[in-house]
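Only a predicted model underlies this, so the values are computations on that prediction, with no experimental measurement involved.
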Amino acid sequence: MKKIVHIIAAACMSFAVVSCSGKKTQPLSVAVFVPGIIADSPIYAMLTDGVKEAVDSYNSGKPENVQAKLNILEAGTNQAEWSSKLTALAAEGKYSVIISSNPSLPELVEPLTQQFPSQKFILLDAYKAGNGSIATVRYNQHEQSYLTGYMAGLMSQTHKIGLITAQEYPVMNDVILPGYKEGAQAAFQGTTVDFRIVGNWYDASKGSELANAMYKSGVDVILPICGGASQGVVSAAVETGKYLALFDTAAFDKAPGNIISCTTLDQKKMSAEITASYLAGKTEWGTAKTVGVAEGYVNFVQDAPGSKNPAVTDDMRAKMTETVESIRTGKLVLQQN
């Protein structure tokens, strides 16, 4: 009898993808839906890098037949196509989870959880609670935009700063733009913000045109949040000798003499962590979390290579350090509703 038991046990161990009941155990399969183009967006590059890092770590040392599979889909900059491409991805029925990042995605994903009830979604830079097929994590962009605006307000000699966005959307209108103004006016009461819209996420010529017009009007610091169109804004700053404050990544090398600050999101770290948590079976479905400065996912960068712009004075740096620390410790509370 013991011999028979040992034979059965050995057979089960030998065929890791088939259980003793005869049912196949499917390896995990992860899809990353990129609502844009990776090359044009550091935030999406961080998303894919983090997921890949977690999948590679999970697969390390495992037999190929039980390794997690990874597929990355770039949906492009035409937002009208995102819904149909996301639907087609879910309809394939071969991904145990679809991971993505964009504030607009909960609205696109929620109908799909009814249409494909077994499909799970993890969304970063997004917020949706109460749906058992979705888990979301957003960054506190009130903190991010406030810090960016505060630095711009300290730097501006004209007390006129700018923000160029690809388009209007709820987080931009309700969080980023107001937070940017709030921070700038905390640095210098009376600072105004010139707000302009490219109309898409790729037109560098339009980005340059808008930036040049703003600089000519007296704006001396611009925050660009417009994807590929930001290249035109950077070019305009270099040509005019004006300044830029950047979001999301520490990209001081794009224009070393013109970039005064980078307020970053650690999307790579977050995407790696949420993917690893999913692969370990620890995802808390139906939850919506917000992370910021205190948790280490929003950072005002002052010590990266190239970050020591000589135009930024020691007094400005000291004020920024104090403000960041006030947020980190909870002395200054900037909630994102």
Side-chain angles (χ1 to χ4, degrees), residues 17-19 21 23-38 41 43-44 46-59 62 64-139 169-171 267-268 270-290:
V17 294
V18 181
S19 73
S21 63
K23 293 181 180 179
K24 289 186 177 180
T25 302
Q26 295 295 330
L28 296 170
S29 183
V30 178
V32 180
F33 179 83
V34 178
I37 299 171
I38 296 170
S41 175
I43 204 75
Y44 295 144
M46 288 190 284
L47 169 70
T48 55
D49 287 348
V51 174
K52 186 176 186 302
E53 179 182 285
V55 171
D56 287 347
S57 177
Y58 175 83
N59 287 340
K62 289 184 173 65
E64 186 175 353
N65 59 354
V66 296
Q67 290 183 358
K69 309 302 179 185
L70 175 62
N71 180 46
I72 297 171
L73 171 67
E74 289 182 291
T77 57
N78 186 349
Q79 289 177 281
E81 298 178 351
W82 289 358
S83 181
S84 60
K85 289 182 177 180
L86 189 55
T87 301
L89 190 65
E92 290 183 39
K94 63 182 183 180
Y95 301 107
S96 48
V97 69
I98 296 174
I99 301 175
S100 192
S101 173
N102 192 283
S104 68
L105 283 176
E107 184 178 352
L108 301 181
V109 163
E110 191 153 37
L112 299 182
T113 64
Q114 301 297 319
Q115 190 174 355
F116 308 103
S118 62
Q119 182 64 67
K120 299 292 189 182
F121 297 87
I122 297 175
L123 308 177
L124 301 185
D125 196 17
Y127 195 83
K128 176 65 186 178
N131 187 314
S133 295
I134 304 173
T136 63
V137 181
R138 70 177 175 185
Y139 306 101
Y169 51 96
V171 172
Q267 169 112 309
K268 181 179 178 181
M270 176 56 74
S271 62
E273 289 177 353
I274 60 98
T275 304
S277 181
Y278 170 76
L279 293 171
K282 297 179 180 179
T283 302
E284 297 177 8
W285 300 106
T287 59
K289 299 178 181 178
T290 302

What pair of heavy atoms forms the shortest contact from [X] to [Y], and how long is it?
X	Y	result
Pro117	Ser133	O-OG, 3.9 Å
Ala135	Trp285	N-CE3, 3.8 Å
Pro35	Ser100	CD-OG, 3.6 Å
Ala54	Leu279	O-CD1, 3.9 Å

Rounded at 0.5 Å granularity, tell me how far [atom1] in [X] sits from [atom2] in [Y].
X	Y	atom1	atom2	result
Asp49	Lys268	CG	NZ	5.5 Å
Leu86	Phe33	CG	CZ	4.5 Å
Ser104	Gln79	OG	CD	6.0 Å

(message) With side-chain contact (heavy atoms from CB on, under 4.5 Å) as the criterion, how do Thr283 and Ile274 come out once you've worked through the C-alpha distance, each side chain's angles and the decisive distance to 0.1 Å?
(response) CA-CA 7 Å; Thr283 302; Ile274 60 98; over 6 Å; no
(message) Surrounding CD of Glu81 (heavy atoms of other residues, nucleotides or ligands, distance under 6.0 Å), is the total greater than 12?
(response)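 More than 12 within 6.0 Å, yes.
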Residues in side chain to side chain contact (heavy atoms under 4.5 Å, CB included) with [X], at least two apart?
X	result
Thr87	Ser83, Leu112, Gln115, Phe116
Asp56	Lys52
Thr48	Val32, Val34, Ile38, Ile72

(request) Sort and list the pairs that fulfil salt bridge (charged side-chain N to carboxylate O under 4.0 Å, His left out) and have at least one residue in residues 126-135, not counting sequence neighbours. (result)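 Pairs touching residues 126-135 that pass the test: Glu110-Lys128.
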Pair up each side-chain donor or acceptor in residues 118-127 with any protein partner under 3.5 Å, not counting sequence neighbours, and list the distances.
residue	atom	partner	partner atom	Å
Gln119	NE2	Tyr95	O	3.1
Lys120	NZ	Gly132	O	3.1

(message) For the residue pair Tyr278 / Ser96, report whether a side-chain donor-acceptor contact shorter than 3.5 Å exists.
(response)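 The criterion, which ignores hydrogens and geometry beyond distance, is satisfied for Tyr278 and Ser96.
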(message) Do Tyr44 and Glu74 pair up side chain to side chain, a donor and an acceptor below 3.5 Å, judged on atom types alone?
(response)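 Short answer, no.
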(request) Just jot down the salt bridge (charged side-chain N to carboxylate O under 4.0 Å, His left out) partners of Lys62, sequence neighbours excluded, or say none. (result)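 By the salt bridge (charged side-chain N to carboxylate O under 4.0 Å, His left out) rule, Lys62 matches no residue at all.
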Determine whether [X] and [Y] make a side-chain contact, defined as any pair of heavy atoms from C-beta on separated by less than 4.5 Å.
X	Y	answer
Pro103	Pro170	no
Leu105	Thr136	no
Lys289	Glu284	yes

(message) Any side-chain to backbone donor/acceptor pair from Ser277 onto Glu273? Under 3.5 Å, distance only.
(response)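 Absent.
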(request) Verify side-chain contact (heavy atoms from CB on, under 4.5 Å) between Val97 and Thr275, making sure each step is shown before the conclusion. (result) CA-CA 9 Å; Val97 69; Thr275 304; over 6 Å; no
